[in-house]
Amino acid sequence: MQRAITDNWAAMVRTPRVRKPKALVWTASRVAAWRKTGKRPSPVMVWTPEQTGRFLDAVVYDRLYPLWHLIAFHGLRRGEACALPWSEVDLDSGVIHITEEIVAVAYEPHEDTPKSDRIRDIAVDADTLALLKWWRESQQTEKTEWADTKTPWTDSGRVFTQENGKVYHPDYFTKRFERLYQKEDLPPVRLHDLRHGSATLSLRAGVAMVAVQRRLGHSSIRVAADIYTSVLEEVEREAAAATVAVVPRQRKRVLPKPVEPSQEEREEEPDDVAEDEAGDDPSEADTPGDGPS
């Protein structure tokens, strides 16, 4: 009876280990199987570079194209993109500071401070920087045009806002993303998987795993490596094939090695083969000076 009071029995309970699903790439065979059965091979699926390019090409004139571009190439979370303020976007140095996010609780959006490992700086490329500058100008144009209406423009300070300046609900991004990729008949991925896809693009480009982990704000390199194990295997296979392709070859080893005919098989060759070989004897060829005198 005393042990029931002094011992912590809950500490003896072993909870089942939860493994995070690994990211799988939508290969041609997986796409074919999905079209036939409607089942996804994994809860976390990412597009190939070709599929990602096809999506971005299709939505290049969508109003929220800068958002899709930023998630696809730089791996922002939905809540991070929704909360991103212009004050944390350095258009001079080309750096985005991730310092806050918007999360939906029972559909109600709430501003939140990310965990310490999610607070990070993301350096962007020249194309992304130019796109953000253009988006900033477009937003200012919308603000000017909205001044002619009866309702005032909402100055939220956010990067991605509606035409009236109000902040988007995070769920709107998800629903619009689904409509856009379904219109292009692409295999299904979540908006969060588009972020995972940015990691696979980086890995294929030869970026180190530790850099990918920091860029996406994963808690540790072990977590990142565990998520992208299958993708890493494909990258390693591509690297192995590229290494072999560096050496030019004229004669490759054939497996199994071709079997040479035995002496008995040579002696049993048909007469016509022997005659052909005899006809090729250089000793029977015409020599200079032969012929009628």
Side-chain angles (χ1 to χ4, degrees), residues 20 43-44 59 62-124 128-129 131-147 149 151-180 189-199 212-220 223-224 227:
K20 291 187 176 181
V44 181
V59 301
D62 183 74
R63 182 176 179 275
L64 288 177
Y65 174 76
L67 171 71
W68 315 131
H69 178 99
L70 207 58
I71 297 177
F73 288 113
H74 299 287
L76 272 69
R77 295 177 175 86
R78 182 185 72 169
E80 294 170 348
C82 195
L84 183 64
W86 281 114
S87 60
E88 295 300 329
V89 179
D90 192 333
L91 294 176
D92 294 324
S93 61
V95 177
I96 296 174
H97 308 286
I98 302 299
T99 58
E100 54 186 306
E101 62 183 342
I102 293 179
V103 296
V105 180
Y107 197 75
E108 288 296 323
H110 299 275
E111 296 182 12
D112 192 16
T113 302
K115 296 178 182 178
S116 59
D117 48 43
R118 294 187 177 186
I119 297 176
R120 62 199 187 279
D121 293 343
I122 300 176
V124 299
T128 301
L129 184 59
L131 185 63
L132 286 172
K133 289 179 178 179
W134 170 84
W135 175 248
R136 176 68 166 161
E137 293 175 0
S138 298
Q139 194 179 58
Q140 292 300 316
T141 300
E142 289 179 344
K143 179 180 180 180
T144 302
E145 293 174 349
W146 200 263
T149 64
T151 55
W153 195 82
T154 302
D155 191 1
S156 63
R158 305 294 185 187
V159 173
F160 298 108
T161 59
Q162 302 176 47
E163 291 88 339
N164 60 3
K166 291 185 178 180
V167 179
Y168 280 105
H169 190 287
D171 196 47
Y172 176 83
F173 292 161
T174 298
K175 291 180 178 178
R176 177 144 189 84
F177 173 71
E178 290 176 352
R179 287 196 299 268
L180 290 172
V189 297
R190 303 170 303 167
L191 181 56
H192 197 72
D193 295 337
L194 188 64
R195 156 185 155 81
H196 287 313
S198 72
V212 173
Q213 173 246 324
R214 291 172 181 170
R215 190 175 186 80
L216 270 71
H218 287 300
S219 57
S220 69
V223 171
I227 294 174

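Every heavy atom of this structure was used, including side-chain atoms; hydrogens, water molecules and symmetry mates were not.
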(request) Could you tell me whether the side chain of V189 reaches within less than 4.5 Å of the side chain of F177, counting heavy atoms only? (result) yes
(request) Determine yes or no for a side-chain-to-main-chain donor-acceptor pair under 3.5 angstrom, with R215 supplying the side chain and R120 the backbone. (result) no
(request) Output the distance between atom CD1 (I96) and atom CD1 (I122), rounded to the nearest 0.5 Å. (result) 6.0 Å
(request) Check for a donor-acceptor pair, side chain of W135 on one end and backbone N or O of L64 on the other, with a separation under 3.5 Å. (result) no
(message) With a 3.5 Å distance limit and no angle check, can you tell me whether E142 reaches the backbone of G165 through a side-chain donor-acceptor pair?
(response) no
(message) Restricting to side-chain hydrogen bond (donor to acceptor under 3.5 Å, both in side chains), what partner residues turn up for S93, sequence neighbours left out?
(response) D90
(request) Name the orientation class of the two ring planes belonging to Y107 and H169 (parallel below 30°, tilted from 30 to 60°, perpendicular beyond 60°). (result) parallel
(request) Inspect the contact between R118 and E80 and indicate whether a charged nitrogen and a carboxylate oxygen are less than 4.0 angstrom apart. (result) no
(request) Report yes if the side chains of P170 and V103 come closer than 4.5 Å at any heavy-atom pair, otherwise no. (result) no
(request) Heavy atoms only: give me the nearest G94-L129 pair and the separation to one decimal. (result) CA-CD1, 3.9 Å
(message) Taking the side chain as everything from C-beta on, heavy atoms only, tell me whether P85 gets closer than 4.5 Å to E100.
(response) yes
(request) Using a 4.5 Å cut-off on heavy atoms from C-beta on, say whether the side chain of R195 contacts that of R77. (result) yes
(request) Supply the atom-to-atom distance T161 OG1 to K166 NZ, rounded to the nearest 0.5 angstrom. (result) 12.0 Å
(message) Show the nearest heavy-atom pair for residues R136 and W86, with the distance to one decimal.
(response) NH1-CD1, 3.1 Å
(request) Side-chain contact test, heavy atoms from C-beta onward, threshold under 4.5 Å: evaluate it for T154 versus Q162 and give yes or no. (result) no
(request) Could you tell me the separation between the CG atom of L84 and the CD atom of E101, rounded to the nearest 0.5 Å? (result) 12.0 Å
(request) Locate the shortest heavy-atom distance separating A81 from L67; write the atom from each residue and the value. (result) CB-CD1, 3.5 Å
(request) Would you please name every residue forming a side-chain contact (heavy atoms from CB on, under 4.5 Å) with T128, sequence neighbours left out? (result) H69, L70, H74, V124, D125, L132
(message) With a 3.5 Å distance limit and no angle check, can you tell me whether S198 reaches the backbone of L194 through a side-chain donor-acceptor pair?
(response) no
(request) Report the distance from atom CD1 of I71 to atom NE2 of H196, rounding to the nearest 0.5 Å. (result) 12.0 Å
(request) Write down the atom of W146, the atom of T151, and the distance for their closest heavy-atom approach. (result) NE1-O, 3.1 Å
(request) Taking all non-hydrogen atoms of both residues into account, name the closest pair between G75 and L216 and its distance. (result) O-CG, 4.2 Å
(message) Please enumerate all residues that pass salt bridge (Lys or Arg N to Asp or Glu O under 4.0 Å) together with E178, with sequence neighbours excluded.
(response) none
(request) Give a yes or no on whether the ring-centroid distance for Y168 and F160 is below 6.0 angstrom. (result) no
(message) To the closest 0.5 Å, what do you measure between OG (S87) and CZ (R158)?
(response) 8.5 Å
(request) Start with the C-alpha distance between E145 and E163, add both sets of side-chain angles, then the distance that settles side chain to side chain contact (heavy atoms under 4.5 Å, CB included), and finish with yes or no. (result) CA-CA 9 Å; E145 293 174 349; E163 291 88 339; over 6 Å; no
(message) If I compare all heavy atoms of W68 with all of L180, which pair ends up nearest, and what's the gap?
(response) NE1-CD1, 3.6 Å
(message) Show, in sequence, the C-alpha distance, side-chain angles and deciding distance for V44 and H192, and conclude whether the side chain to side chain contact (heavy atoms under 4.5 Å, CB included) test is met.
(response) CA-CA 9 Å; V44 181; H192 197 72; over 6 Å; no
